[in-house]
Amino acid sequence: MSQYYYNPNNFNSSNNNNGFANSELERYQRAQAERREIRRISFTMGCAIIAYLIVQVLSALLLNVTGLTKLYNGNASFQYCFSVIAVSLCAVALPFGIVALINRKKYSHPVIPNKKLSPSISAGWIFLGMAVCCVLQVVINFVILFFKNVIGITSQPTETLKPDSIFACILSVVAIAIVPAICEEFAMRCCSLQLLRKYGKGFGVVAVSIVFGLLHGNLTQFVFAFCVALVLGFITVKTDSIVPAVFIHGLNNGMSALQMILLYASSEKVTEFVISAFYVAWVVLGVVSVVYLFAKKQFARGKKEYTGDLTIWQRFSCFLFPWMIIPFAELIWLTIKTIKQV
């Protein structure tokens with residue numbers, strides 16, 4: 001829809017009839033109402049991102065006050081359990097669940113998209129999503145190596161303890177793959193995307209991907225998380241189901257858990273071989289799935305959902321400014337802290 005500019009003189013001109021003037025005034029009022037609503041949604045999501053950071057700071061203080069910091073830094077099982085409660089549940093699911101509760105009257109789609117998919121269609125989207133995630137991970141790794149070897153800087157990743165027992169291996173799958181996939185998809189693709197998609201599917205997917213990237217706290221993870229979120233959001237709006245996104249998210253995180261378990265159970269050489277084999281398998285399955293999904297017409301363009309009066313850039317402007325400035329400042333600050341000279 002073409003960009004609309006409100007001109008008060010339109011309503012004072014004798015050349016305009018009252019019907020046209022009223023129509024333009026109504027469009028202007030609708031556009032202003034949309035701006036206010038997008039900014040209100042942005043405000044609640046910005047607060048959720050800040051709450052995410054605050055909960056983690058409070059969690060660190062709790063560990064310090066109770067004298068459990070040493071246990072957290074030295075015991076993998078305890079670290080996994082604590083992360084499930086403090087991060088996945090309290091810092092992610094809870095704040096964005098509150099966002100959904102506050103904005104409950106603004107949803108034009110079910111909070112949890114639950115369209116029933118055939119097993120073959122679900123598998124096709126899951127394989128495609130995993131293939132894209134694997135390709136993205138390889139590209140990001142090459143970029144990291146470039147900055148490290150050519151420019152001489154790198155970003156210090158968040159340290160996660162490797163499992164040191166069979167019980168810890170099981171907990172690593174739960175804490176790294178299963179629970180984060182459920183909680184983060186509930187927060188992002190349910191509470192957030194379903195709220196914003198009435199302003200356009202593309203707008204909703206990109207806006208939520210920005211939020212998802214910001215939650216990861218450093219530049220390298222931001223880029224990867226943002227790109228993966230684009231894939232998960234696209235698949236969610238195409239299928240109207242949260243199931244493929246949860247499985248893709250869990251399997252993608254599960255690759256990290258698998259790598260740690262293999263390092264516990266075997267050698268680095270075996271681990272590298274198995275992980276590489278999985279990457280190749282996911283990519284092959286992804287290519288086959290693209291052909292299958294095209295044959296099943298799963299990429300057909302869906303019905304346009306946004307019929308409002310704002311351009312895509314106006315919607316993004318309302319979403320990003322002013323309430324996403326603080327989360328972006330947080331990302332920049334955390335990124336600077338993680339950058340170091342090689």
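Owing to the predicted nature of the structure, the values given are computational and were not obtained by experimental measurement. Residue numbers start at 1 and run along the sequence shown.
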>> Using side-chain heavy atoms (C-beta onward) and a distance below 4.5 Å, is Val291 in contact with Phe294?
In response: no

> Does Leu232 reach the side chain of Glu185, with side-chain heavy atoms less than 4.5 Å apart?
Replying inline: yes

> In Å and rounded to the nearest 0.5 Å, what is the CD to CZ distance from Gln221 to Phe226?
Replying inline: 16.0 Å

>> Has Lys201 got a side-chain atom pairing as donor or acceptor with Tyr306's backbone, closer than 3.5 angstrom?
In response: no

>> Could you report the tightest heavy-atom contact between Pro244 and Leu117, atom names first, then the distance?
In response: CG-CD1, 3.8 Å

> Say you draw a straight line from CZ of Phe224 to CD1 of Ile140; how long is it, rounded to the nearest 0.5 Å?
Replying inline: 7.5 Å

> Honestly curious: do Met260 and Ile170 fall in one hydrophobic cluster under the side-chain, below-4.5 Å linking rule?
Replying inline: no

>> Working to the nearest 0.5 angstrom, can you tell me the gap between Ser59 OG and Tyr72 OH?
In response: 8.5 Å

>> Can you tell me if Phe328 has over 12 outside heavy atoms packed within less than 6.0 Å of its CZ?
In response: yes

>> With rounding to the nearest 0.5 angstrom, report the CD1 to CG distance, Ile49 to Leu214.
In response: 5.0 Å

> With distance as the sole test, does Ser209 use its side chain to make a donor-acceptor pair with the main-chain N or O of Leu230 at under 3.5 Å?
Replying inline: yes

> Can you tell if the side chain of Phe319 reaches within under 4.5 Å of the side chain of Val206, non-hydrogen atoms only?
Replying inline: no

>> Does any part of the side chain of Ile121, heavy atoms only, come nearer than 4.5 Å to the side chain of Tyr292, both counted from C-beta?
In response: yes

>> Students often mix this up, so state it plainly: with edges at 30° and 60°, are the rings of His216 and Phe212 parallel, tilted or perpendicular?
In response: perpendicular

> Considering only heavy atoms from C-beta outward, does the side chain of Arg35 approach that of Gln32 to under 4.5 Å?
Replying inline: yes

>> Which heavy atom of Val173 sits nearest to which heavy atom of Ala257, and what is that distance?
In response: CA-CB, 4.3 Å

> If you round to the nearest 0.5 Å, how far is OG of Ser241 from NZ of Lys116?
Replying inline: 11.5 Å

> Would one find more than 12 heavy atoms of other residues, nucleotides or ligands at under 6.0 Å from atom CZ of Phe247?
Replying inline: no

> What closest approach, in Å, do Pro113 and Cys190 show between heavy atoms, and which atom pair accounts for it?
Replying inline: CD-SG, 3.9 Å

> Could you go step by step and tell me if Ile112 and Gln194 meet the side-chain contact (heavy atoms from CB on, under 4.5 Å) rule?
Replying inline: CA-CA 8 Å; Ile112 299 177; Gln194 294 298 94; over 6 Å; no

> Quick one: do Ile166 and Ile261 end up in the same hydrophobic cluster if we chain Ile, Leu, Val, Met, Phe, Trp and Tyr together by side-chain heavy atoms under 4.5 Å apart?
Replying inline: no

>> Which residue is it: Glu37, Glu305, His109? I am looking for the one with a side-chain hydrogen bond (donor to acceptor under 3.5 Å, both in side chains) to Lys198.
In response: Glu37

> Is the shortest heavy-atom distance from the side chain of Leu262 to the side chain of Glu272 under 4.5 Å?
Replying inline: no

> Would you call Leu310 and Ile38 a side-chain contact if the rule is heavy atoms closer than 4.5 Å?
Replying inline: yes

>> Donor-acceptor pair, distance only, cut-off 3.5 Å: does the side chain of Asn103 make one with the backbone of Lys106?
In response: no

> Do Ile248 and Ile235 pass the side-chain contact (heavy atoms from CB on, under 4.5 Å) test, and can you show the C-alpha distance, the side-chain angles, and the key distance before you say yes or no?
Replying inline: CA-CA 10 Å; Ile248 295 166; Ile235 292 174; 3.5 Å; yes

>> Do Glu24 and Tyr28 pair up side chain to side chain, a donor and an acceptor below 3.5 Å, judged on atom types alone?
In response: no

> When you look at Val99 and Ser192, which way does the side-chain contact (heavy atoms from CB on, under 4.5 Å) test go after all the steps?
Replying inline: CA-CA 8 Å; Val99 168; Ser192 303; 5.5 Å; no

> So which of Arg189, Lys303, Arg197, Lys115 actually passes salt bridge (charged side-chain N to carboxylate O under 4.0 Å, His left out) with Asp240?
Replying inline: Arg197

> Is Met45 reachable from Ile102 through a run of hydrophobic residues whose side-chain heavy atoms are each under 4.5 Å from the next?
Replying inline: no

> Any donor-acceptor pair under 3.5 Å linking the side chain of Tyr52 with the backbone of Leu215?
Replying inline: yes

> Under the criterion ring-ring contact (aromatic ring centres under 6.0 Å, His included), which of Phe203, Tyr199, Phe321 is the partner of Phe316?
Replying inline: Phe203

> Counting only heavy atoms not in Phe142, do more than 12 sit closer than 6.0 Å to its CZ atom?
Replying inline: no

>> Tell me whether Trp313 shares a hydrophobic cluster with Trp323, the cluster being built from Ile, Leu, Val, Met, Phe, Trp, Tyr side chains joined at under 4.5 Å.
In response: no

>> For a quick check under 3.5 Å, do Gln137 and Asn141 share a side-chain donor-acceptor pair by atom type?
In response: yes

> Do other residues, nucleotides or ligands put more than 12 heavy atoms under 6.0 Å from the CD1 atom of Ile326?
Replying inline: no

> Hey, does the side chain of Tyr80 reach the backbone of Leu161 with a donor-acceptor pair shorter than 3.5 angstrom?
Replying inline: yes

> Among side-chain atoms of Tyr264 and Ser172, is any donor-acceptor pair under 3.5 angstrom?
Replying inline: no

> Would you call the rings of Phe127 and Trp282 parallel, tilted or perpendicular if under 30° counts as parallel and over 60° as perpendicular?
Replying inline: tilted

> Minimum heavy-atom separation for Lys162 to Leu263, with atom names?
Replying inline: CE-CD1, 3.9 Å

> With sequence neighbours excluded, what pairs up with Asn64 under the side-chain hydrogen bond (donor to acceptor under 3.5 Å, both in side chains) test?
Replying inline: none

> Is there a donor-acceptor pair under 3.5 Å between the side chain of Asn73 and the backbone N or O of Thr69?
Replying inline: yes

> What is the distance from atom OG of Ser289 to atom NZ of Lys296, rounded to the nearest 0.5 Å?
Replying inline: 13.0 Å

> Between Ile210 and Leu195, is there a shared hydrophobic cluster once you connect ILVMFWY residues whose side-chain heavy atoms come closer than 4.5 Å?
Replying inline: yes

>> Restricting to non-hydrogen atoms, name the atom on Ala168 and the atom on Ser77 that form the minimum distance, rounded to 0.1 Å.
In response: CB-OG, 3.5 Å

>> With heavy-atom distances below 4.5 Å as the criterion, would you say the side chains of Ser83 and Ser88 are in contact?
In response: no

